[in-house]
Amino acid sequence: ILDKGAHPRLQTIAAVDPKGARKLEMELIGAARSGQLLEQVSEESMLKMLEKRAKKTKRFSKVTFNRRGSLLDTIGCDPEYAAKFGINITGWDEPLDSKES
């Protein structure tokens with residue numbers, strides 16, 4: 001069913017997405033059995049099939065960020081406890097304009 005250029009492309013797809021490659025193989029076999037394929041499938045025509053399928057089934061990835069907290073959250077903003085770590089947090093919650101320069 002596939003020409004010389006399409007077969008390596010299908011193997012590459014199978015390495016990345018085995019289920020997608022298997023689905024494409026079944027689609028090609030079905031088209032060949034029903035007489036829709038008049039010649040061997042080239043790499044370009046296989047890529048067009050993949051593009052059509054990609055347009056039909058748009059996949060969206062959802063990215064979720066999990067904030068673990070900062071060191072100030074861990075130490076509870078206690079100046080004495082922070083000093084044990086070598087951190088000076090006295091006055092960290094005061095507005096910047098109230099400090100004298």
Side-chain angles (χ1 to χ4, degrees):
I1 297 176
L2 303 176
D3 71 359
K4 292 179 184 179
H7 188 68
R9 175 68 73 156
L10 184 60
Q11 288 176 336
T12 304
I13 293 169
V16 175
D17 183 14
K19 288 182 181 179
R22 186 72 182 142
K23 195 173 185 180
L24 180 60
E25 287 174 352
M26 291 293 113
E27 192 175 321
L28 289 169
I29 290 170
R33 285 183 179 167
S34 67
Q36 294 175 352
L37 297 180
L38 303 176
E39 56 189 30
Q40 285 188 327
V41 176
S42 67
E43 183 178 5
E44 293 82 24
S45 61
M46 188 170 63
L47 290 175
K48 286 179 185 177
M49 290 176 70
L50 288 171
E51 287 174 2
K52 282 183 184 179
R53 189 186 322 158
K55 287 180 183 178
K56 288 180 184 177
T57 59
K58 291 184 179 181
R59 294 183 186 176
F60 295 100
S61 298
K62 182 179 179 181
V63 177
T64 305
F65 292 97
N66 186 6
R67 184 181 173 275
R68 293 189 176 178
S70 68
L71 182 60
L72 293 177
D73 294 334
T74 305
I75 61 177
C77 300
D78 181 17
E80 293 173 8
Y81 189 69
K84 291 180 183 179
F85 296 101
I87 301 170
N88 181 8
I89 61 168
T90 54
W92 69 272
D93 57 346
E94 296 175 7
L96 293 175
D97 55 3
S98 68
K99 290 186 177 185
E100 295 179 16
S101 301

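FYI, the numbering just counts along the sequence from 1. All values below come from the heavy atoms of this structure, side chains included, with hydrogens, waters and symmetry mates left out.
Nearest heavy-atom pair across Ser42 and Ala6 is C-CB, 3.8 Å. The two atoms that bring Ala21 and Ala14 nearest to each other are CB-CA, 3.5 Å, heavy atoms only.
Other cluster members for Met46: Ile1, Leu2, Leu10, Ile13, Leu24, Met26, Leu28, Ile29, Leu37, Val41, Leu47, Met49, Leu50, joined by side-chain heavy-atom distances under 4.5 Å among Ile, Leu, Val, Met, Phe, Trp and Tyr.
When the side chain to side chain donor-acceptor pair (under 3.5 Å) test is applied to Gln40, no partner is found at least two apart in sequence or on another chain. Annotation: salt bridge (Lys or Arg N to Asp or Glu O under 4.0 Å) contacts of Glu43 (sequence neighbours excluded): Arg9. In terms of the side chain to side chain donor-acceptor pair (under 3.5 Å) criterion, residue partners of Gln11 (sequence neighbours excluded) are, by chain and number, His7. The side chain to side chain contact (heavy atoms under 4.5 Å, CB included) search around Thr12 returns none, not counting sequence neighbours.
For residues 20-37, every residue pair satisfying the salt bridge (Lys or Arg N to Asp or Glu O under 4.0 Å) rule, not counting sequence neighbours, is listed here: Arg22-Glu25, Glu27-Arg53.
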